[in-house]
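Nothing here was measured: the structure is a model prediction, and the numbers come from that model.
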Amino acid sequence: MILIDKQSTYISPEAKIADDVIIYPNNHIIGNTVIGKGCKIMPNCILTDSVIGAGCSVTASVMEEAKVGDTTTVGPYAYLRKGASVGSHCRIGDFVEIKNSTVGDYTKASHLAYIGDATVGARCNIGCGVIFVNYDGKTKHKTTVEDDCFIGSNCNIIAPVTLREGSYIAAGTTVTEETPSDSFVIGRSRQIVKDRKDQKNKMKFGTDGMRGLAYEELSEKVAFEVGNALGRIKQNAKVLIGRDTRSSGVDLSAAFIEGLLTAGGNAMDVGIMPTAGVAYLTKKHECDFGIVISASHNPPQYNGIKVFDSQGYKVSKDIEKLIESNLGKDSCIREKGERIKYPNGEQEYSDFLIAKGVDLSGMKILLDCSNGAACRIAPQVFKTLGAQVTAINAKEDGRYINDNCGAVNAHLLCDKAKNFDVTFSFDGDSDRLIALDEQGNVVDGDINLYILGKYLNAKGMLKGDIVGTVMTNMGIEKAITDMGVNFVREDVGDKYILRRLLSNGGILGGEGSGHTIILSESSTGDGIQTAVILAKIIKESNKKLSQLAKLDIFPQVVESVEVKDKSIATCQSVTDAVREVEEDLRGEGRVVLRPSGTENKVRVMVECQNMEKTINYVNFLTNSLQNENLKL
């Protein structure tokens, strides 16, 4: 136990305090209070005859004959009165009062709520301003809230009443009657009950896993259900889990692991790890699945779940559909599995990458780690290979992941890149790479694909077709076919590129955004590996990146249009606009309208040999989309 200030702290002789507990100043621990291993008792708490589980944090709060489970956070300014029993992994926030109530695991009451004489199930949300109205002036009544309920802000729950499993209570509702399972309840002026089953499984796999706003679209409940689904699909499943630096990743990975263990699966937790590292380690350790908790290049408030099979490939559409079909079902409960933390994964993956490189002595390399999963591993790899490394945006602080940095913002490094032989910019999970040459020019994934294809072809190592996407520049296609190599296009998304490579025996594919797959080296897109190989090509050829990247590129403009409904890309007025542009181009350029697989956006791409025309065509098409969007 670490006691920060003995003079301002009172601990009764009857209290029992486990190892590794830190007690901050101005705390009063009274009576038979029990505090579990690894807890932090922050300043200004009064804890009387209460039990606190392992790994908890309690801040500026009062507990009287109350109990909280493992890794639960309490406070600041929470009041847990006699008879309050809170489960594990819960969050009891500021100005929340609980009396004579039981709260299940993973339930959150984050702000300004009163829970009295109630039984609340697991994985529930109690919104700000929620009041459990338990006293009618004469008698106190009980409320029951079953598992997986969501109670929006400023709701009144009038006891006696029961909220059945999966009920969703809209903000401002007063509930006076029992709610059916999976119902959507609005009772601001009168109570309306609607079927909610069509909303229950709204999270689905897109082009790169599941993705959405953390805690909202991609909730801990969804993460738990995905973990439970994998445990249901494969009995005694062994699953390797990694994540990027987002703070929500801690909660989502914990929820996923709990769902997996509940179904009898076993978890191998490698912590912060690039996506490709998870794929590599999944195969190396003979796991059934690999999981990455990451939203890749998206902003910090998003997160996602990617699933790999035992060979390190992204799972098939059939497995994705099977996982989706299990979401929202009753949990699969078997004898609980085991979780192990595996700290050696980082070194194993680094060694794998180092083996791909050559001595880079004399090279000055700038690395932009996007405050993501590459922060430790990428600098370590290039320093070991002998390069003089400068790493920026290399703090493992998920609040700033992809924030004006990384692969999607590589253009911001154009001036800085002039001071280095080469610059490599990764995204949040480092499955993308955008490079910059010594003159400060951006070398995107399409150009990287050409450089790698030319190198492999010259070495006699290239097999099959090179696979690009519908967005790949026509200049790249011409340069590749001029080498005598066949070039084919796929839909945008590295899983589609992978599928085509596996079907035709190819080993190289990629897209302009920076995903590059080299199947002779690994099973998925790996930004750090691609950077290592590009540095190797620069070193071995004794050429600058600007020389290697020299080719004729068609002027291409890509614009993203935010929309309310991505289906407007196929409405009549928009398709007529596309046809008009295509007819004007007369086969000397291309138009692509593509709904994003991860965001509410439609991508507009036009390329032709005249830049002014290209810009005008893009403006014409974006205006068409925006006009349709205004009608929604």
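For the pair Tyr215/Lys108, a side-chain contact is recorded, criterion being any heavy-atom separation below 4.5 Å from C-beta on. Residues Lys395 and Tyr400 form no side-chain contact, since every pair of their non-hydrogen atoms from C-beta on lies 4.5 Å or further apart. Under the 4.5 Å side-chain criterion, counting only non-hydrogen atoms from C-beta, Val120 is in contact with Ile115. Contact of the Met63 side chain with the Ile52 side chain is registered, since non-hydrogen atoms from C-beta on lie closer than 4.5 Å. At a threshold of 4.5 Å between non-hydrogen side-chain atoms, the residues Leu240 and Val270 count as touching. Within the 4.5 Å cutoff, the side chain of Val226 has no heavy atoms near those of the Met203 side chain. Side-chain contact between Thr516 and Leu433: absent, with no pair of heavy atoms (C-beta onward) separated by less than 4.5 Å. Ile272 places a side-chain heavy atom less than 4.5 Å from the side chain of Arg243.
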Apply the test side-chain contact (heavy atoms from CB on, under 4.5 Å) to residues Phe308 and Leu281: give CA-CA distance (whole Å), side-chain angles for both, the deciding distance (0.1 Å), then the verdict. CA-CA 11 Å; Phe308 291 88; Leu281 294 168; over 6 Å; no

Assess the residue pair Lys336 and Glu258 against the criterion (salt bridge (Lys or Arg N to Asp or Glu O under 4.0 Å)); give the C-alpha distance rounded to whole Å, side-chain angles, the decisive distance to 0.1 Å, and a yes or no. CA-CA 9 Å; Lys336 198 159 189 176; Glu258 186 62 26; 2.7 Å; yes

Walk me through it: do Tyr302 and Leu213 pass the test side-chain contact (heavy atoms from CB on, under 4.5 Å)? CA-CA 4 Å; Tyr302 287 83; Leu213 285 167; 3.8 Å; yes

Pair Ser370-Asp427, side-chain hydrogen bond (donor to acceptor under 3.5 Å, both in side chains): steps then yes or no: CA-CA 6 Å; Ser370 200; Asp427 68 340; over 6 Å; no

Thr207/Asp491 under side-chain contact (heavy atoms from CB on, under 4.5 Å): CA gap, chis, key distance, verdict: CA-CA 10 Å; Thr207 55; Asp491 290 338; over 6 Å; no

Checking Ile377 against Met273 for the side-chain contact (heavy atoms from CB on, under 4.5 Å) test, could you report, in this order, the C-alpha distance in whole Å, the side-chain angles of both residues, the deciding distance, and whether it holds? CA-CA 9 Å; Ile377 289 176; Met273 180 66 61; 4.0 Å; yes

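Side-chain N or O atoms of Lys204 include none that pairs as donor or acceptor with a backbone N or O of Glu320 at under 3.5 Å. A distance-only check finds a donor-acceptor pair linking the side chain of Glu225 to the backbone of Gly328 [under 3.5 Å]. Looking at Thr282, its side chain never comes within 3.5 Å of a backbone N or O of Tyr280 through a donor-acceptor pair. Between the side chain of Arg334 and the main chain of Gly231, a donor-acceptor pair closer than 3.5 Å is present. A side-chain donor-acceptor contact under 3.5 Å links Asn402 to the backbone of Ser296. Using a distance-only test at 3.5 Å, with no hydrogens or angles considered, a donor-acceptor pair links the side chain of Thr72 to the main chain of Cys90. In this structure, Thr469 contributes its side chain and Val492 its backbone to no donor-acceptor pair below 3.5 Å. A donor-acceptor pair is defined here as one N or O able to donate and one able to accept, closer than 3.5 Å; no such pair exists between the side chain of Thr524 and the backbone of Gly312. A donor-acceptor pair is defined here as one N or O able to donate and one able to accept, closer than 3.5 Å; no such pair exists between the side chain of Ser183 and the backbone of Ser181. A donor-acceptor pair is defined here as one N or O able to donate and one able to accept, closer than 3.5 Å; such a pair exists between the side chain of Ser101 and the backbone of Ala118.
Distance check: Glu165 CD to Thr179 OG1 gives 11.0 Å after rounding to the nearest 0.5 Å. Interatomic distance, CD1 of Ile41 versus OG1 of Thr33, reported as 9.5 Å (0.5 Å rounding). Within the model, atoms NZ of Lys234 and OG of Ser310 stand 8.5 Å from one another, a figure rounded to the nearest 0.5 Å. Taken to the nearest 0.5 Å, the OG1 atom of Thr73 stands 12.5 Å off from the NZ atom of Lys40. The CD1 atom of Ile151 lies 6.5 Å from the CD1 atom of Ile169; values are rounded to the nearest 0.5 Å. How far CD1 of Ile2 is from CG of Asp19: 11.0 Å, rounded to the nearest 0.5 Å.
Contact detail for Val278 and Ile291: the closest heavy-atom pair is CG1-O, 3.7 Å. Of all heavy-atom pairs between Ile293 and Ile305, the closest is CD1-CG1, 4.0 Å. Across all their heavy atoms, Val467 and Arg500 have their closest contact at CG2-CG, 3.7 Å. Here the shortest heavy-atom pairing between Glu338 and Asn266 reads N-OD1, 2.9 Å. Taking all atoms of both residues into account, the shortest heavy-atom contact from Ser522 to Phe352 is CB-CZ, 4.2 Å. For the residue pair Ala276 and Gly525, the shortest heavy atom distance occurs at CB-O, 3.7 Å.
A salt bridge links Lys99 and Asp117; the closest N-O separation between the charged side-chain nitrogens and carboxylate oxygens is under 4.0 Å. Contact check on Glu178 versus Arg164 returns a salt bridge, with a Lys/Arg side-chain nitrogen under 4.0 Å from an Asp/Glu carboxylate oxygen. Classification of Arg376 and Glu396 as a salt-bridged pair holds, one side-chain N sitting under 4.0 Å from a carboxylate O. With salt bridges taken as basic N to acidic carboxylate O contacts below 4.0 Å, none links Lys82 and Glu64.
Residues satisfying the side chain to side chain contact (heavy atoms under 4.5 Å, CB included) test with Ile340, not counting sequence neighbours, are Met268.
Looking at Glu348 and Tyr342, their side chains do bring a donor and an acceptor atom within 3.5 Å of each other.
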